[in-house]
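Following: one structure in structure tokens, then a few remarks.
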Amino acid sequence: MKIFKILLFLLTFNFAYCQTNGRMEDSVHIFWQPNLKLNLSDFKLDGRTIEFAERDCEKAKFCACIASNFNVIIDIPKTKKDQKKLFEKIYFVPVLEKTKSYNLTKDTILILHQKVVFDIEEWTTRYARQQLKKTTSSFKKKYGSIITWHNVIIKEAKEKRDKLIKEFTYDVYLEPKINAYENWRLKINEMLEQLKDYDTKPEDCLRFIQQKPFDENYEEYEYLGEHK
């Protein structure tokens with residue numbers, strides 16, 4: 001029944017949300033999916049309106065920037081009776097906001113650079129899913145374990161994400177290294193492959209698009225993220 005509802009939702013929203021060529025998006029957001037390719041048209045903000053953007057472009061060749069984050073939703077059973085037999089559901093999804101992303105040039109290599117950043121967001125969600133599974137699997141009473149531990153794990157995951165993005169920025173822009181982009185592309189590909197069992201699924205994206213639980217026995221408990 002759950003799978004049927006998700007498939008039905010996909011068909012219903014086919015006209016509003018693009019789901020071709022590895023893309024799942026609306027007019028404002030792009031949700032991470034495998035084989036996603038970013039385009040110049042995805043960078044809709046006029047970068048000239050951003051303080052220091054033109055200076056950074058001229059001095060460090062940092063001419064493009066995506067507004068990305070990963071969002072989190074937790075759904076819980078509505079009744080105490082259901083909470084004894086059903087568990088929380090948590091959804092992670094990396095989101096790019098097109099209207100806050102800019103590219104001051106038409107250099108496509110800069111788009112590839114920002115795709116690395118978006119893939120780092122995806123790696124972060126995979127790491128969070130992995131750590132959450134490791135942590136909650138040790139609890140005898142499963143219900144409540146996600147609510148208890150998700151903030152700690154998300155905080156750790158974001159710290160790792162920020163460190164990766166900072167190192168990438170230094171290697172590619174601030175203190176450019178030879179073949180920096182190519183080396184980082186390989187590194188992130190390997191990191192994603194190591195956590196491939198925890199990748200973002202279409203179901204995760206659909207939960208954010210729908211903005212309500214798939215199962216009528218559940219209700220939204222918490223939403224964490226900048227883009228909704």
Test item: [X] side-chain N/O and [Y] main-chain N/O as donor-acceptor pair under 3.5 Å:
X: Glu122; Y: Thr125; value: no
X: Ser101; Y: Ala67; value: yes
X: Gln114; Y: Ala64; value: yes
X: Asn183; Y: Ala180; value: no
X: Glu97; Y: Val28; value: no
X: Lys37; Y: Lys115; value: no
X: Asn39; Y: Ser41; value: no
X: Lys177; Y: Tyr170; value: no

(message) Walk me through whether Lys163 and Glu167 qualify under salt bridge (charged side-chain N to carboxylate O under 4.0 Å, His left out).
(response) CA-CA 6 Å; Lys163 184 174 183 291; Glu167 290 174 350; 2.6 Å; yes
(request) Classify the ring geometry between Trp184 and Phe168 as parallel (under 30°), tilted (30 to 60°) or perpendicular (over 60°). (result)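 Correct class here is perpendicular.
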(message) Please say yes or no: joined through hydrophobic side-chain contacts below 4.5 Å, possibly via intermediate residues, are Leu86 and Tyr221 part of one cluster?
(response) no
(request) Run the numbers on Asp82 and Lys84 for salt bridge (charged side-chain N to carboxylate O under 4.0 Å, His left out), then give the verdict. (result) CA-CA 5 Å; Asp82 283 340; Lys84 293 180 180 180; over 6 Å; no
I'd like to know if [X] and [Y] make a salt bridge, using a cut-off of under 4.0 Å between side-chain N and carboxylate O.
X: Asp42; Y: Lys44; value: no
X: Lys196; Y: Glu193; value: yes
X: Glu121; Y: Arg161; value: yes

(message) Atom NZ of residue position Lys201 - does it have more than 12 heavy atoms of other residues, nucleotides or ligands inside 6.0 Å?
(response)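 Yes, NZ of Lys201 has more than 12 neighbouring heavy atoms, counting only those of other groups under 6.0 Å.
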(request) Decide if atom CZ of Arg48 counts as having more than 12 heavy atoms of other residues, nucleotides or ligands within a radius under 6.0 Å. (result) no
(request) Could you tell me whether the side chain of Tyr181 reaches within less than 4.5 Å of the side chain of Val116, counting heavy atoms only? (result) yes
(message) Just so I know, are the side chains of Arg126 and Arg129 near enough to count as touching, which here means a heavy-atom distance under 4.5 Å?
(response) yes
(request) Start with the C-alpha gap between Asp119 and Met191, add the side-chain angles, then the distance that decides, and say whether side-chain contact (heavy atoms from CB on, under 4.5 Å) holds. (result) CA-CA 10 Å; Asp119 286 347; Met191 291 173 67; over 6 Å; no
(request) Walk me through it: do Ile90 and Ile74 pass the test side-chain contact (heavy atoms from CB on, under 4.5 Å)? (result) CA-CA 4 Å; Ile90 188 165; Ile74 299 176; 3.9 Å; yes
(request) Please say which of Arg207, Lys212, Lys89 ends up in a side-chain hydrogen bond (donor to acceptor under 3.5 Å, both in side chains) with Asp75. (result)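 In the set Arg207, Lys212, Lys89, the residue that makes a side-chain hydrogen bond (donor to acceptor under 3.5 Å, both in side chains) with Asp75 is Arg207.
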(request) Begin with the C-alpha distance, continue with both residues' side-chain angles, and end with the deciding distance and a verdict on side-chain contact (heavy atoms from CB on, under 4.5 Å) for Phe43 and Ile66. (result) CA-CA 7 Å; Phe43 297 76; Ile66 59 170; 3.5 Å; yes
(request) Answer with yes or no whether the side chains of His150 and Glu222 bring together a donor and an acceptor at under 3.5 Å. (result) yes
(request) Report the C-alpha distance between Leu224 and Asn151 in whole Å, list the side-chain angles of each, state the deciding distance to 0.1 Å, and finish with yes or no for side-chain contact (heavy atoms from CB on, under 4.5 Å). (result) CA-CA 10 Å; Leu224 301 170; Asn151 280 325; 3.9 Å; yes
(message) Between His29 and Phe208 (judged by ring centroids, cut-off 6.0 Å), do the two rings come close enough to count as a pair?
(response) no
